[in-house]
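Along the sequence shown, residues carry numbers from 1. What you see is a predicted model; the values in this text were computed from it and never measured. Both ligands and their constituent atoms are indexed starting at 1 by order of listing.
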Amino acid sequence: MIDKFNRKIEYVRISLTDKCNFRCNYCMNENVEFMQDDELLTLEELKTLIKVLKDLNIKKYD
Ligand code: SF4
């Protein structure tokens, strides 16, 4: 995949939840409001996302 800055993208990181307990301040402020479970991607949606990314030649996932 080529992004709008013409960089070749072959790696993505997918967050499965927003409830990370490290609380790095550049990512989460003190008053962060977590998403409801029904707002997170389902397993089927994750499978679809990964298939699309694979079709875009993404080779590595974290
Ligand atoms: S940046 Fe920090 S708080 Fe945000 S997801 Fe990563 S480890 Fe968790």
Inter-residue atom distance Ile14.CD1 - Leu46.CG, 0.5 Å rounding: 6.5 Å
Counting only non-hydrogen atoms and a 4.0 Å cut-off, the residues near ligand 1 are Cys20, Phe22, Arg23, Cys24, Tyr26, Cys27
I need the Asn25 CG to Glu30 CD distance, nearest 0.5 Å. 9.0 Å
Which atom names give the shortest non-hydrogen contact between Asn6 and Ile2, and what distance separates them? OD1-CG2, 3.3 Å
What heavy-atom pair brings Phe34 and Lys19 nearest, and what distance separates the two atoms? CE2-CA, 3.8 Å
Please list every donor-acceptor pair under 3.5 Å in which a side-chain atom of residues 49-62 meets a protein atom from a residue at least two apart or in another chain.
from, atom 1, to, atom 2, distance (Å)
Lys51, NZ, Asp55, OD2, 3.2
Lys59, NZ, Glu10, OE2, 3.0
Tyr61, OH, Lys54, N, 3.4
Tyr61, OH, Ile58, O, 3.4
Asp62, OD2, Tyr11, OH, 3.0

More than 12 foreign heavy atoms under 6.0 Å from CD of Glu45: is that the case here? yes
